[in-house]
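First up is the structure itself, then whatever we jot down about it.
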Protein chains: 2
Amino acid sequence: MNLSAAIAKMILEGLEIDGQIELQRNELAQQFGCVPSQINYVISSRFTPEQGYMVESRRGGGGFIRISRVKLGKGALLMHVINNIGQSLDEKTCRAHLLNLKHQSIIDKNSADLMLAATSDKALKLLSDHTREETRAIIFKNLLLAVSKA
Amino acid sequence: MNLSAAIAKMILEGLEIDGQIELQRNELAQQFGCVPSQINYVISSRFTPEQGYMVESRRGGGGFIRISRVKLGKGALLMHVINNIGQSLDEKTCRAHLLNLKHQSIIDKNSADLMLAATSDKALKLLSDHTREETRAIIFKNLLLAVSKA
DNA sequence: GGGTCAAAGGTCAGTAATGGTCAAGAGCCC
DNA sequence: GGGCTCTTGACCATTACTGACCTTTGACCC
């Protein structure tokens with residue numbers, strides 16, 4: 001397991017307790033024997049709003065970084081996602097949406113896997129870039145709608 | 001035995017253990033004294049979904065390629081369907097397959113609904129008839145595969 | 001209050017470490 | 001010879017890590 005994964009794991013464990021964790025950047029970096037900015041890297045790559053996290057911080061003496069898991073209602077969240085998709089959707093963003101929804105227990109693993117399969121680049125490989133991303137957006141919206149009706 | 005066969009053999013042996021193997025592309029290439037892309041060739045020619053394998057990978061530091069054998073059982077039936085779909089699939093036939101699978105309790109209602117949503121004409125409305133039916137076939141196969149590994 | 005300084009955290013660009021794609025050529029079998 | 005499968009290499013994309021430099025905040029002093 002690489003450094004980033006280890007740091008992410010530790011943060012995740014801290015979040016288990018009450019969905020929120022407050023940490024000291026320098027201290028954490030020292031624990032892992034890495035440069036402080038590594039912490040920023042991990043946070044910005046794995047604890048984004050897209051993935052269901054909120055990050056706050058303060059500099060200066062007694063500074064901190066606080067990461068919290070955000071909680072929203074199921075129908076609202078689905079609608080929010082649908083409404084924010086737009087006409088076109090790339091695979092990475094789609095995957096992030098799914099991870100987020102799964103993490104928040106809006107959809108179960110099984111559904112997430114299916115939705116991933118249906119919207120992967122692999123599944124849409126015949127299409128040109130532009131058409132693929134437009135079609136992915138439509139398929140994904142249809143899927144979310146199907147979920148919200150279930 | 002040629003290189004590709006040797007590499008495939010090694011992967012197959014690794015899969016024996018627990019139906020899953022994780023490898024380092026560069027490292028493996030070095031072991032066989034070939035270019036890294038040779039590994040991709042072997043994987044894409046012999047470890048395809050059609051042949052019952054699932055491949056995942058990640059780039060970057062600590063990257064990997066993971067190959068897993070799709071579990072059989074009800075999987076066998078799914079593979080049978082997958083292998084009989086062909087290159088092209090119309091909405092009616094697709095729907096029939098789904099009803100059939102649901103009837104046989106191979107998939108649950110929830111999954112069937114999702115799969116229907118992903119393969120409906122509505123979801124693929126942007127595409128020309130020909131492309132739509134080819135893409136539907138691919139999506140459906142990917143979905144069945146996802147189900148079979150669940 | 002205002003100045004100063006030390007203690008946080010933030011940004012960004014560069015480098016390293018992987019894997020992916022594609023097209024061209026080499027071999028092999030009919 | 002034609003058409004496969006196999007190999008290779010150049011070039012690309014993604015993820016991880018580091019370090020130099022920047023900004024913000026709080027404490028202390030006058």
For D90(A) and T93(A), does a side-chain donor sit closer than 3.5 Å to a side-chain acceptor? yes

Does K92(A) make a side-chain N or O approach to OP1 or OP2 of dT15(D) shorter than 4.0 Å? yes

Taking CD from E56(A) and P from dG10(C), how many angstroms apart are they, rounded to a whole number? 12 Å

Among the candidates dT15(D), dC6(D), dG10(C), find the nucleotide nearest to the side-chain atoms of R58(B). dT15(D)

Rounded to whole Å, how long is the line connecting atom CZ of F64(B) with atom C1' of dG19(C)? 11 Å

Residues within residues 27-42 of chain B bordering DNA chain C, heavy-atom distance below 4.0 Å: S37(B), N40(B)

Candidate nucleotides dG9(C), dC6(D), dA16(D), ranked by approach to the side chain of R46(B) - the nearest: dC6(D)

A side-chain contact here means heavy atoms from C-beta on lying under 4.5 Å apart; do M54(B) and F47(B) qualify? no

Only distances under 3.5 Å count here; give the side-chain donor-acceptor pairs of residues 128-135 of chain A to other protein atoms, sequence neighbours excluded, each with its distance to 0.1 Å.
unit_1	atom_1	unit_2	atom_2	d
S128(A)	OG	T131(A)	N	3.4
S128(A)	OG	T131(A)	OG1	3.0
D129(A)	OD1	R132(A)	NH2	2.6
H130(A)	NE2	E134(A)	OE2	3.4
R132(A)	NH1	L127(A)	O	2.9
T135(A)	OG1	T131(A)	O	3.0

When you compare the side chains of E91(A) and T119(A), does any donor N or O come within less than 3.5 Å of an acceptor on the partner? no

Heavy atoms under 4.0 Å, any strand shown: does R66(A) hit a base, just sugar-phosphate, or nothing? nothing

Could you give the NZ-to-C1' distance, from K122(A) to dT21(C), as a whole number of Å? 16 Å

Separation of atom CD1 in I43(B) from atom C1' in dT21(C), rounded to whole Å: 14 Å

Nucleotide nearest S57(B) (side chain, heavy atoms from C-beta), chosen from dT23(D), dG19(C), dA16(D): dG19(C)

Select from L3(B) and R59(B) the residue whose nearest nucleotide in DNA chain D is closer to the 5' end of that strand. L3(B)

Of the nucleotides dC6(D), dG10(C), dG19(C), which has the atom closest to the N2(B) side chain? dC6(D)

With a non-hydrogen cut-off below 4.0 angstrom, is G61(A) in contact with a base, only sugar-phosphate, or nothing? base

Please determine whether a side-chain nitrogen or oxygen atom of N26(B) lies at a distance below 4.0 Å from atom OP1 or OP2 of dG19(C). yes

Would you indicate what G60(A) reaches in the nucleic acid, counting non-hydrogen atoms under 4.0 angstrom: base, sugar-phosphate, or nothing? base

